[in-house]
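These numbers come from a predicted model, not from an experiment.
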Amino acid sequence: MMRIFGQTAMLPALHRASLGTVMLAAIALSGCGTLQPTPGGTAAATTSTGPRAYRQAIDVSGRLSLRYQQDGKEQAVYGSFTWSQSRQETDITLLSPLGQTLATINIGAGQATLKQAGQPPRIASDVDALTVQALGWPLPVAGLRDWLQGFGEDAGGRRFTATPDADGNFSVTTADKWLIQYSNWQDQDKPADSYPKRIDLARNTEQAGQVAIRIAVSSRQPH
């Protein structure tokens, strides 16, 4: 029996396996992310920060894999996700490898709501703390609103725009101590049109030890 998303249950659709050492170097723990209706944005529907435009309203989907520690053992989670955001609201769905809905997260009006089948909704003002409580591992939703598009704040609180170097890489440590590595891009040779296709996140956390998250973006649609 394994603990799946905060409950003790056996879900065949969610693949978990013990792993060796976590590959990515993690950064020291700091506070959880608080709700930000529009991180890095302005009142405009689209804002420009460097060569790429930040989209207030966008749909993103892709694959997600995660490694973390639980009760002294290393665990893995595989699946996919859909992400739909507007200026006022963000909706996220976490799916198993077989396409079953494992959890939904809604952020709006200063609070986050997380729902799982057979359980009452969980509500909190801090979406990142909510994911740890419900899922058993951190998903930095507050930061991802920026990071999925290649924007954010670095460890010194300065805004960054991820831009690939000659090898297609860009690395940064964020204000909340996540190490982000961008290593694959759509339209890399067209700065105004490029966007991240692979994002690796790493951090050392109090709740789940060393956490490594890999996001592979398969589609992106502004609206």
Original post:
Any idea which heavy atoms bring F160 and E153 closest together, and the distance?
Top reply: CE2-N, 3.5 Å

Original post:
Going through the distances and angles, do R67 and Q75 end up as a side-chain contact (heavy atoms from CB on, under 4.5 Å)?
Top reply: CA-CA 6 Å; R67 291 170 289 177; Q75 306 289 342; over 6 Å; no

Original post:
Is R220 atom CZ crowded by more than 12 heavy atoms from other residues, nucleotides or ligands, each under 6.0 Å away?
Top reply: yes

Original post:
To the nearest 0.5 Å, how far apart are CD1 in I107 and OG in S125?
Top reply: 12.0 Å

Original post:
Considering only heavy atoms from C-beta outward, does the side chain of I213 approach that of W178 to under 4.5 Å?
Top reply: yes

Original post:
Is any side-chain heavy atom of T113 closer than 4.5 Å to a side-chain heavy atom of K115?
Top reply: yes

**OP:** Please test L144 against L201 for side-chain contact (heavy atoms from CB on, under 4.5 Å), starting from the C-alpha separation and ending with a verdict.
**Re:** CA-CA 10 Å; L144 282 169; L201 309 173; 4.2 Å; yes

Subject >> Shortest non-hydrogen contact from V141 toward D128 >> reply: N-OD1, 3.0 Å

Original post:
If you measure from OG1 on T104 to CG on N106, what distance do you get to the nearest 0.5 Å?
Top reply: 8.0 Å

Subject >> Donor-acceptor pair between W147 and Q149 side chains, under 3.5 angstrom >> reply: no

**OP:** Would you give the length of the straight line joining atom CG of N169 to atom OH of Y182, rounded to the nearest 0.5 angstrom?
**Re:** 13.0 Å

Original post:
Using 4.0 Å as the upper bound for N to carboxylate O, is an ion pair formed by K197 and D187?
Top reply: no

Original post:
Do T101 side-chain atoms and A103 backbone N/O form a donor-acceptor pair below 3.5 Å?
Top reply: no

**OP:** In sequence, state the C-alpha distance, the side-chain angles, and the governing distance for H223 and D59, and then conclude on side-chain contact (heavy atoms from CB on, under 4.5 Å).
**Re:** CA-CA 8 Å; H223 58 85; D59 294 335; 3.2 Å; yes

Original post:
Which heavy atom of A208 sits nearest a heavy atom of W137, and at what distance?
Top reply: CB-CA, 4.3 Å

Subject >> Rounded distance [0.5 Å steps], CG in D154 versus OG in S171 >> reply: 13.0 Å

Original post:
Has the side chain of Q181 got a donor or acceptor atom that lies under 3.5 Å from a matching backbone atom of I199?
Top reply: no

Original post:
Taking atom types as modelled, is there a side-chain donor on R145 or T90 under 3.5 Å from an acceptor on the other?
Top reply: yes

**OP:** Over all heavy atoms of both residues, which pair between V211 and Y68 is shortest? Give the atoms and the distance, please.
**Re:** CG2-CB, 4.0 Å

**OP:** Check the pair L139, L94 against side-chain contact (heavy atoms from CB on, under 4.5 Å), reporting the backbone distance first and the verdict last.
**Re:** CA-CA 11 Å; L139 183 66; L94 302 177; 4.2 Å; yes

Original post:
From I123 CD1 over to L130 CG, what is the distance, rounded to the nearest 0.5 angstrom?
Top reply: 9.0 Å

Original post:
So which heavy atom on A134 is nearest to which on L114, and how close?
Top reply: CB-CD2, 3.7 Å

Original post:
How close do K177 and T173 get, heavy atom to heavy atom, and via which atoms?
Top reply: CA-CG2, 4.2 Å

Original post:
Does any N or O in the side chain of R52 come within less than 3.5 Å of the main-chain N or O of A162, such that one atom is a donor and the other an acceptor?
Top reply: yes

Original post:
Under 3.5 Å, is there a donor-acceptor pair between the S219 and S61 side chains?
Top reply: yes

**OP:** May I ask you to test the F81-L95 pair for a side-chain heavy-atom distance under 4.5 Å?
**Re:** no

**OP:** Any chance you could measure Q207, atom CD, to Q69, atom CD, to the nearest 0.5 Å?
**Re:** 12.5 Å

Original post:
Under 4.5 Å between any side-chain heavy atoms of Q116 and R122, yes or no?
Top reply: yes

